[in-house]
Every structure is written in C-alpha cells, then in structure tokens.
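As structure tokens, the structure follows; a few thoughts come after it.
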There are 2 protein chains.
Amino acid sequence: MTTESPRLRADARRNVEGIRAAALDVFRTQGLNCPLDEVARAAGVSKGTIYHRFGGRQGLIDAVVEDLVAERIRGIIAAATEVPDPVERFETYLRQIWLLQYDEPAANDVLLRALPGSAPVAALCEHASTMAAGFLAEAQAAGGIREDLTPDDVYLLIWERGIIARACDQQPREGYRRRLEFTLRGLRTTT
Amino acid sequence: MTTESPRLRADARRNVEGIRAAALDVFRTQGLNCPLDEVARAAGVSKGTIYHRFGGRQGLIDAVVEDLVAERIRGIIAAATEVPDPVERFETYLRQIWLLQYDEPAANDVLLRALPGSAPVAALCEHASTMAAGFLAEAQAAGGIREDLTPDDVYLLIWERGIIARACDQQPREGYRRRLEFTLRGLRTTT
DNA sequence: ACGGTTCTTGACCATGACGTCAAGTAACGC
DNA sequence: GCGTTACTTGACGTCATGGTCAAGAACCGT
C-alpha cells in the first residue's frame, strides 16, 4: 500500500509524499474536514494535484489514516489490555479514548464514524468497538459496572464525547478531563 | 415591545406579524440558525423585508424569543420549584432542561448562548443559571449531590447536552433520555 | 384619483467551500 | 537534445449562505 503504483514519474512520487506529509500535519491539527486547499498549500502543490493523485478527500484520508491515528488507537487498546483489574481496565480505555478525542481532532473524526465510505477507517472502528465490548463485559462480570450498560451505550458515550470535543475549542483540557470522571462515575455500581 | 412603532403602514404591519409567525414556526423546528430565506419564504415575503424590518437574524430572534422559548424555560423552572425534595428538585430541573434541548432546537440554541449580542436571550440565560445554582446548592445541602459540583459544572453539563442534542438528529428520544440517567447518576453521592 | 411617502422586491455582491479540465510544464527514453 | 507522455496548474463552474440597495409597488391622506 505504501509503495504506490509501479511506475510513477519522479516529480509525481515526490508530490505524493509531500502531500501525505502535509495531510498528516494539517489533518492532525484541524481534523479531517479541513479544506483540501489547506493541505495543498502546506504541500506546496495545487489542489488539482491532490484530486488527481488521491481522488479526493476520501482517498487522501485512506492514504494517511494509518499513520495518522491507527497507531494511537491501537496503542490505547494495548495499554488498556495491560491493566489487570477489569473495571479499571474498562475505565482506562474509556478515559484514554476520550482524551484522544480531545487531543486529536482527526482521531475524533474517525471515532465519530464521520467518514462513511472508507474501508480502513471502518475496520479500525470495528476493532475498537469489539475491544470495548470485551472490556465492558469483563468489567460487568467483575461487578464494577452497571449491568444495564450495553456495548451500544459505550459507543454512544464515545460518540457524545466526540461531538463535545469537537465543539470544545476554548474549553481548557483540565475541565474536560474533570467532567469525564463525573461521567465514569455514573457507570459504576459502587461509589 | 409587542406594539412596534406608533405608525406603520398596513402592509408593513401585516408583514411584521407574518414574519413573526413564520419565524416562530421555522425557528421552532429548525433552530435559530436556519437560513433566513426559509423564514422569508414561509412568511411569503422576500429576505430583504426581514432585514429591513428586524435588522437581521439577531433582531428577529429578539422579537420572537419570548413567545418561542421563554415560556418553556420559565415553566420548567416553575415546575421544578414545586418539587419538595431538594435533590429531586435539582434532578427534575436538569432532566427537563435536557429534554427541552432535545425537543426544541431553538431553546437549545438559547441555552447554548449561541446568540452573543441579544439582551432578552442573555437575561433568560442569566435567570436560568441563577435558579440552577440555587437548586444545586440546596441539593448539596441535603447531601444528595456531590459537593465538588459547581454551578459552572451545571452550566457545562447543559452546554454539553445541548451540543449533543444538536447532533442527535437521528438518535431516538428514548435512548437520549436513558443516557441522561447515567449522567445524573454520576452527580449523586448516594447510589 | 393622484402625489408623495413608505415598503418591498429580487437581482446583486461577497465568501468559502468542492470538484473539473484544457492548457501549460516537466521528466524520461532515446 | 528532443519529442512524447505524464503530470501539474489555476482559473472556472457550482452551490449555499449572508447581507445590501436601487428601482418599482403599495398605501394613505387629501
């Protein structure tokens, strides 16, 4: 996937890389819905080139999503898996995902499933959802999380946070973080 | 305020009323940020007339906000005040406000303070915030709500719900309602 | 019924985004 | 070098919104 087509003229190859790099940069800070002109300008090419090379926003996202956010999300899943206590594991997962949504608008866009037609993105979400469902089940089995919480609820909790994080522009991170704990508290069976 | 200027030509008066009525209708279902052309079309006048008569969106909102949402919000405050138990009172208030945000996009826009320059709107918010702070203090005094919850937190909880309600288009009301209880649960001291 | 005044209209400008394509430019093979 | 082909450009068309204003329409007093 990284080694595009077999033969690509030198300047084209250069541009593809430049665009990818620029997209990583711009998407990272502005989210996946930023104007493509921004990316083009950052890459020092014209908008047309992006359309020509990647076929539009969708294609460009597919080309960078792995480097852009997959690592982060997988990292969070892995880190959570390490936590021995099931309840703490579930909560750690949620907390980290929620913070990621605040910190990285691009990851947030992915988790919000705002990119309907993208295979890699869909796969990533699928994986995250599956793991989340597992963490939830284990935490519930351990008795620490309300029994009536469903995997769908967990997805919606993440979706809701994402919507909020998107609008959070001004809100300081600390306040956001603090309110996460209120929400978590509402999912527990114990005090 | 309702009886505009002393002398207004008959057609103008008719139009003002028509526009107000149309605005109530359109704002109610689409929120306060809908294109003004919509309102104009619904009123059977041209966009220019709205600008001429009301000076723009802001003025139009000021002219209808009272009939549009003030009543609802004040009603919720009044209903909550009736509840004898302080904790239940606080929770009733939040629940009702949250549901209002789901049911009426216009009210939501008001509560989100998305209309910076409008005096009536600001006054309404101010009143709601003050009452909310009171309910909170009483609920805390009764020992049913976390001590570390501040009036600011309450405002933000409402703000967050508003952002969510706005994006909720599809989400069924029942699910929204159900998740409110999770959030409320997170604010309590008791189980 | 007519003139003067008030009102309304809808075409117009501006913005900011997406997406396209003919024409110009640059690399590559020979 | 030089022609051929691949590649890039940026102006252009489009859409959706906000907002303005000269010119025409409607009203009202006399």
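A note on names: the letters A, B, ... follow the listed sequences, proteins ahead of strands, and every chain is numbered from 1.
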How long is the line joining [atom1] of [X] and [atom2] of [N], in whole Å?
X: A:Ile61; N: C:dC18; atom1: CD1; atom2: P; result: 11 Å
X: A:Tyr51; N: C:dC18; atom1: OH; atom2: P; result: 5 Å
X: B:Arg53; N: D:dC21; atom1: CZ; atom2: P; result: 17 Å
X: B:Arg9; N: C:dG4; atom1: CZ; atom2: P; result: 16 Å
X: B:Glu17; N: C:dT8; atom1: CD; atom2: P; result: 13 Å
X: A:Arg41; N: C:dG16; atom1: CZ; atom2: P; result: 13 Å
X: A:Asn15; N: D:dT8; atom1: CG; atom2: P; result: 5 Å
X: A:Asp11; N: D:dC7; atom1: CG; atom2: P; result: 7 Å

Please list, chain by chain and in numerical order, all residues satisfying side-chain hydrogen bond (donor to acceptor under 3.5 Å, both in side chains) with A:Glu88, sequence neighbours excluded.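 For A:Glu88 there are no side-chain hydrogen bond (donor to acceptor under 3.5 Å, both in side chains) partners, ignoring immediate neighbours.
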| Between the side-chain atoms of B:Lys47 and the base atoms of D:dG19, is any donor-acceptor pair under 3.5 Å? |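 Indeed, a donor on one side and an acceptor on the other fall under 3.5 Å apart.
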**Asked** Which comes earlier along DNA chain D counting from the 5' end, the contact point of B:Gly55 or that of B:Arg14, where each point is its nearest nucleotide?
**Response**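 Nearest nucleotide further toward 5': that of B:Gly55.
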When you match A:Thr49 and B:Arg57 each to their closest nucleotide on DNA chain D, which lands nearer the 5' end?
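Its nearest nucleotide being more 5', the pick is A:Thr49.
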Between [atom1] of [X] and [atom2] of [Y], what distance do you get to the nearest 0.5 Å?
X: A:Ile76; Y: A:Thr81; atom1: CD1; atom2: OG1; value: 11.5 Å
X: A:Tyr93; Y: A:Ile77; atom1: OH; atom2: CD1; value: 5.0 Å
X: B:Leu184; Y: B:Arg179; atom1: CG; atom2: CZ; value: 13.5 Å

Q) Backbone N or O of A:Arg173 within a donor-acceptor pair of the A:Tyr102 side chain at under 3.5 Å? A)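 Judged by distance alone, yes, a pair lies under 3.5 Å.
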| message | From the set D:dC7, C:dA27, D:dT9, return the single nucleotide nearest to any side-chain atom of A:Leu8. | response |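 Nearest to the side-chain atoms of A:Leu8, counting from C-beta on, is D:dC7.
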Do the numbers put B:Arg113 on top of the ring of B:Tyr155, so that NZ or CZ is under 6.0 Å from the six-membered ring centre and no more than 45° off the axis?
->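 Yes, B:Arg113 sits over the ring of B:Tyr155.
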So which of residues 24-40 of chain B are in contact with DNA chain C, with a heavy-atom cut-off of under 4.0 Å?
->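 Contacting residues: none.
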> When the nearest nucleotide of DNA chain C is assigned to A:Gly48 and to B:His52 on a heavy-atom basis, which residue is associated with the more 5' position?
Replying inline: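 Nearest-nucleotide comparison on DNA chain C picks B:His52.
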**Prompt:** Quick one: do A:Ile145 and A:Val83 end up in the same hydrophobic cluster if we chain Ile, Leu, Val, Met, Phe, Trp and Tyr together by side-chain heavy atoms under 4.5 Å apart?
**Reply:**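 Per the 4.5 Å side-chain linkage, A:Ile145 and A:Val83 are not co-clustered.
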